[in-house]
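Shown next, in structure tokens, is the structure this report addresses.
In what follows, every chain begins at residue 1, and chains take the letters A, B, ... in the order their sequences are listed.
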2 protein chains.
Amino acid sequence: MSKDSEPRVDSTLSKGLAILEELTGMKSGIGVSDLSRELGLTKSNTFRLLQTLTTLGYVRREPDRSYAATLKAWQIGRSVVENLNLRAAASQMMLYLSEETKETIYLAVRDGLNIVYIDKIESTKPIRSWNPIGGAAPIYCVGTGKALLAEDYRLLRDQVAANLQQYTDRTITDVEALDKDMAATKLRGYAIDTGEFRPNVLSFGAAIHLPNGETAGALGVSVPDINLGEGDSDRIGALVQHAASSVSENLRRL
Amino acid sequence: MSKDSEPRVDSTLSKGLAILEELTGMKSGIGVSDLSRELGLTKSNTFRLLQTLTTLGYVRREPDRSYAATLKAWQIGRSVVENLNLRAAASQMMLYLSEETKETIYLAVRDGLNIVYIDKIESTKPIRSWNPIGGAAPIYCVGTGKALLAEDYRLLRDQVAANLQQYTDRTITDVEALDKDMAATKLRGYAIDTGEFRPNVLSFGAAIHLPNGETAGALGVSVPDINLGEGDSDRIGALVQHAASSVSENLRRL
DNA sequence: ATGCGTATTCTATATAGCGGAACAATGAGC
DNA sequence: GCTCATTGTTCCGCTATATAGAATACGCAT
């Protein structure tokens, strides 16, 4: 028998959180008795725990005297996501992409109909694309943006459609074309920008997901067209896609 | 002297949750010592609570041996909100409202006698009202809240009446006035807040209904008074009302 | 080496939380 | 109306439990 020395677990805290979990999982309130049965606790114990959770603001009493979770747990959880540093989670993969491509790597999140760059690694090659951290770009024009757009295309389509501005001769200004491109992007698994925002600057992007499937951001590689040889496009696309899903995997472990 | 007989509070649970809150509020990990100082707990106590939180999956150890909150708290809280996938159903209409008004758009649900913002779209105008996602406001003071309150006014009236706190000189602190306002709101179809929570910040709100008639949440537009010209009030009100009923329609299809 | 700041383990002790039973409040069935 | 069944709440004595504080171990400077 291996004396694993199980870490000691405070039972009160454990039970309290169990109650909270149970409660948040229910659409409507539940009574003390049912709850205690559910969790295999004594009524009095359950009652006291509910009492403390209530005074702490995690639980409230419904008018029908049953107990229900408040949104406090959610509010707390939200700040985790807010503080969740995508940059930290993505940094290894960004380095990897940089090594593999020697091009400029971007990490971007969506902000309305734009994307905002929250991190980047400069290209080591002489000719490089330029975009400052904190800078923005239209969502339908660049690799990262298109990757993000494809994720929520149903929600964003009409909005974007109403604002299709032309930046280069490659820019997609036709909704039908955008529809097709988004469909293709979804199939492909990563997005391609053929110089639609800055002339002769191509880019590739793939989305990063939170554990629940929500879109958290996107990774992208930006490449001057003259740097791009035959077949490079596919290779970089695949790399970005892989990197993004790897970051998503990282987030899953948080 | 009121014999309040303070409800008994399990200290372990309380401390544990305090730690969790503290942790979720931090951008990066924190050590046992700092944390214990922060919360006024013993190091060993803090350590043990961290240990249980870790084995329960709420906390993880960073590579640098510090402690940080995991996404579990978030996932739990999320399920509260997830029970209604309101955000998805409302997003298109929120964008629409944003386009039409250029002001800040809120999606809120009721949480006891407060409302909590579960989504928003920032105003594009320079002066904008500010409320964080996850933030809360009294139900009887703001547009979204008043819309929600009007829906269940019979149930909530007395509770609310007992807690009429004054936030601005426009705040309704008189039950009779509230009665009238709620009646007017029902007739009108949307709620108006004339700067009753934050001075000079007006807001408009309308309720979203589930297919069975239950109230799911509310859409709102928040407007600094100086942005508001003659007739804008009616226009925005009508917009919000239409948007909310459109979202209700969406929910019907889910 | 040495000292200082951590994290972690140990242990004796008090007390916080526990279960069970008693009590109150509800509501259903007749 | 009354009973009976079920739920929510309080009480209380016991002991398992969480606690504080000291002891130990680690890391990292100088």
Side-chain angles (χ1 to χ4, degrees), chain A residues 1-23 26-70, chain B residues 1-23 26-70 112 155 158-159:
Chain A
M1 214 111 264
S2 67
K3 45 191 303 276
D4 251 349
S5 81
E6 304 276 324
R8 181 141 204 76
V9 171
D10 294 70
S11 74
T12 302
L13 179 50
S14 168
K15 291 173 192 169
L17 288 169
I19 287 182
L20 203 51
E21 285 190 40
E22 186 71 21
L23 246 36
M26 325 214 37
K27 176 58 203 133
S28 51
I30 185 177
V32 180
S33 299
D34 288 334
L35 192 55
S36 64
R37 260 189 293 273
E38 201 91 36
L39 298 173
L41 301 174
T42 39
K43 254 203 315 188
S44 51
N45 196 352
T46 309
F47 178 71
R48 249 169 323 97
L49 290 168
L50 279 172
Q51 216 172 225
T52 78
L53 286 173
T54 305
T55 66
L56 294 178
Y58 288 90
V59 170
R60 82 164 159 269
R61 310 218 56 181
E62 295 287 333
D64 63 351
R65 308 179 128 233
S66 68
Y67 293 88
T70 69
Chain B
M1 210 77 291
S2 62
K3 43 191 296 272
D4 253 347
S5 78
E6 305 279 323
R8 176 142 209 76
V9 172
D10 295 65
S11 76
T12 301
L13 179 51
S14 169
K15 291 174 192 169
L17 288 169
I19 287 183
L20 204 51
E21 285 189 40
E22 185 71 22
L23 246 37
M26 323 217 39
K27 265 240 172 343
S28 50
I30 185 176
V32 179
S33 299
D34 287 335
L35 191 55
S36 63
R37 259 189 294 273
E38 202 91 36
L39 298 174
L41 300 174
T42 325
K43 249 199 322 187
S44 53
N45 195 353
T46 309
F47 177 72
R48 203 142 96 75
L49 291 168
L50 279 173
Q51 213 172 229
T52 77
L53 285 173
T54 305
T55 66
L56 293 178
Y58 289 89
V59 168
R60 119 194 76 103
R61 311 219 53 178
E62 294 286 334
D64 64 350
R65 308 179 123 231
S66 68
Y67 293 88
T70 68
L155 295 176
D158 294 341
Q159 291 186 65

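Going from atom CD1 of B/Ile19 over to atom C1' of D/dT19 covers 13 Å, rounded to whole Å. Across the protein-nucleic acid pair, A/Leu50 atom CG and C/dC18 atom P stand 12 Å apart, rounded to whole Å. With rounding to whole Å, A/Asn45 atom CG is found 12 Å from C/dG20 atom C1'. For the pair A/Asp10 CG and D/dT17 C1', the interatomic distance rounds to 9 Å; values are reported in whole Å. Distance CG (A/Leu13) to P (C/dC18): 11 Å, rounded to an integer number of Å. Protein atom CG of B/Leu49 is 10 Å distant from nucleotide atom P of D/dA20, rounded to whole Å.
Here the side chain of A/Thr70 pairs a donor or acceptor atom with the backbone of A/Tyr58 at under 3.5 angstrom. Panel note: side chain B/Ser14, backbone B/Asp10; no donor-acceptor pair is recorded below 3.5 Å.
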Between A/Glu22 and A/Leu35, does a side chain to side chain contact (heavy atoms under 4.5 Å, CB included) hold up when you go through it step by step?
-> CA-CA 8 Å; A/Glu22 186 71 21; A/Leu35 192 55; 3.6 Å; yes
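OP1 or OP2 of D/dT19 has at least one side-chain nitrogen or oxygen of B/Lys15 nearer than 4.0 Å. Under 4.0 angstrom from either OP1 or OP2 of C/dA16 there lies no side-chain N or O belonging to B/Thr12.
Residues that satisfy the side chain to side chain contact (heavy atoms under 4.5 Å, CB included) test with A/Ala68, not counting sequence neighbours, are A/Glu62. Residues passing the side-chain hydrogen bond (donor to acceptor under 3.5 Å, both in side chains) test with A/Arg65: none are found, sequence neighbours excluded.
Going from atom CG of A/Leu49 over to atom CG of A/Asn45 covers 5.0 Å, rounded to the nearest 0.5 Å.
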Tell me, for nucleotides 6-13 of chain D in 5' to 3' order, what letter each nucleotide earns: B for a base near a protein heavy atom under 4.0 Å, S for only sugar-phosphate near one, - for neither?
-> -SBSB---
